[in-house]
There are 2 protein chains.
Amino acid sequence: MNKSELIDKISESTGVSKADTERVLKGFEEVAQQIVATGGDKLTLTGFMSIEQVHRKARTGRNPQTGATIQVPASNAVKLTPGATLKDIAKGKRQPS
Amino acid sequence: MNKSELIDKISESTGVSKADTERVLKGFEEVAQQIVATGGDKLTLTGFMSIEQVHRKARTGRNPQTGATIQVPASNAVKLTPGATLKDIAKGKRQPS
DNA sequence: GTCGATCAGTTCGCTCTTGTTCATCGGGAT
DNA sequence: ATCCCGATGAACAAGAGCGAACTGATCGAC
């Protein structure tokens with residue numbers, strides 16, 4: 001499923017226009033970008049997901065074409081964590097809304 | 001940041017009412033739940049994130065209070081993957097929109 | 001304002017992910 | 001319709017996350 005299909009589905013089920021649905025998703029993405037850009041806060045949507053910036057240690061990577069090892073420097077990364085409700089649905093312990 | 005704060009921010013920046021913003025986020029969550037409940041499809045929001053159901057092997061867990069080991073059966077889990085744009089923003093390689 | 005649901009933190013052995021480069025193909029902004 | 005950007009997959013060593021059970025704190029639906 002891609003973005004267009006998602007917007008169609010959300011618009012159908014909520015009655016919100018596709019244009020506004022798209023604006024809200026874009027707004028959500030921009031807030032997520034601000035969260036991971038600054039790292040000072042964490043966004044938690046209870047039962048759904050959380051989004052935060054985390055730090056990753058330096059380590060060894062590899063060029064898949066040549067097999068040469070490459071030093072990957074320490075840097076910031078994105079951590080997306082599913083919430084309990086979403087996990088329970090994936091496990092079959094619970095039904096989607 | 002929690003859900004209320006997120007809705008305020010999105011509503012402010014997009015001009016969409018808080019009520020509609022909340023409906024769209026709820027709709028997005030419900031679609032994500034359908035994706036991880038069935039496992040047949042994967043939702044990809046290019047540059048932002050993707051959401052899918054994955055399978056996890058059985059393994060050993062532990063009760064942190066008693067230290068007793070517990071067998072955790074194989075089951076389905078949720079995989080949330082950040083997209084390239086979000087990752088680049090976390091690394092500082094790129095500015096948020 | 002209430003109260004049920006969820007989060008965060010705890011241990012630890014093992015599973016899973018990470019990031020590198022690059023060609024190809026699809027998405028999606030315009 | 002066009003075309004630039006991002007997803008995908010390849011190898012792999014090492015980093016990071018997972019999930020159990022439980023509890024106090026917080027969230028958010030009503």
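These numbers come from a predicted model, not from an experiment. Values below: every heavy atom of this structure, side chains too, minus hydrogens, waters and symmetry copies. Below, read A as the first sequence line, B as the second, and so on, with proteins coming before strands; counting in each chain starts at 1.
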Whichever of B:Thr60 and B:Thr81 has its nearest DNA chain C nucleotide further upstream toward 5': B:Thr60

Base, sugar-phosphate, or nothing for B:Thr85, non-hydrogen atoms under 4.0 angstrom? sugar-phosphate

Would you find more than 12 non-hydrogen atoms of other residues, nucleotides or ligands less than 6.0 Å from B:Lys9 atom NZ? no

Starting at NZ of A:Lys87 and ending at P of C:dA8, how long is that distance when rounded to a whole Å? 10 Å

Taking for each residue the nucleotide of DNA chain D bearing the nearest heavy atom, is the 5' side occupied by A:Lys57 or by B:Arg62? A:Lys57

Separation of A:Lys79 atom NZ from C:dT18 atom P, in whole Å? 12 Å

Would you kindly compare A:Arg59 and A:Ser50 by the position of their nearest DNA chain C nucleotide and give the one closer to the 5′ end? A:Ser50

To the nearest angstrom, how far is A:Ile70 atom CD1 from C:dT18 atom P? 18 Å

Separation of C:dG27 atom P from A:Glu22 atom CD, nearest Å, is 16 Å

Would you please confirm or rule out a distance under 4.0 Å between OP1 or OP2 of C:dG28 and any side-chain N or O of B:Thr46? yes

Which nucleotide in the set C:dG27, C:dC16, C:dT6 lies at the smallest distance from any side-chain heavy atom of B:Arg56? C:dC16

Assert: residue with more 5' nearest nucleotide on DNA chain D, out of B:Asn63 and A:Pro64, is A:Pro64

Hydrophobic clusters here meaning ILVMFWY residues chained together by side-chain heavy-atom distances under 4.5 Å, can you tell me if B:Val72 and B:Val78 are in one? no

Note: chain A reaches DNA chain D at heavy-atom distances under 4.0 Å over the stretch, first to last nt, 5' to 3', of D:dA10 to D:dG28

Considering only heavy atoms from C-beta outward, does the side chain of A:Thr85 approach that of A:Arg94 to under 4.5 Å? yes

Exercise: identify the closest heavy-atom pair between B:Gln71 and B:Thr60: OE1-OG1, 3.7 Å

Heavy atoms, side chains only, cut-off 4.5 Å: are B:Glu29 and B:Leu25 in contact? no

Reckon B:Gly67 touches a base, only the sugar-phosphate, or nothing at all at heavy-atom distances under 4.0 Å? nothing

OP1 or OP2 of C:dC7 less than 4.0 angstrom from a side-chain nitrogen or oxygen of A:Lys42, does that happen here? no

Going only through I, L, V, M, F, W and Y residues with side-chain contacts under 4.5 Å, is there a path from A:Phe28 to A:Met1? yes

Give a yes or no on whether the backbone of B:Ser97 and the side-chain of A:Gln33 come within a donor-acceptor separation of less than 3.5 Å. yes

In whole angstrom, what separates B:Asn2's CG from C:dA8's P? 12 Å

Between C:dT15 atom P and B:Asn76 atom CG, what is the distance in whole Å? 18 Å

Taking all heavy atoms of A:Leu80 and all of A:Ile51, pick out the closest pair and write down the distance. CD2-CG1, 3.6 Å

Nearest whole angstrom, please: distance from the C1' of C:dG27 to the CE of A:Met1. 15 Å

Let's see if you can work this out: which of C:dG19, C:dG27, C:dC7 has an atom nearest to the side-chain heavy atoms of A:Ala77? C:dG19

Whole angstrom is fine here: how far is it from CG in A:Leu25 over to C1' in C:dG27? 16 Å

For A:Lys91, answer base if it contacts any base atom (sugar-phosphate contacts may also be present), sugar-phosphate if it contacts only those atoms, and nothing otherwise; contact means non-hydrogen atoms under 4.0 Å. sugar-phosphate

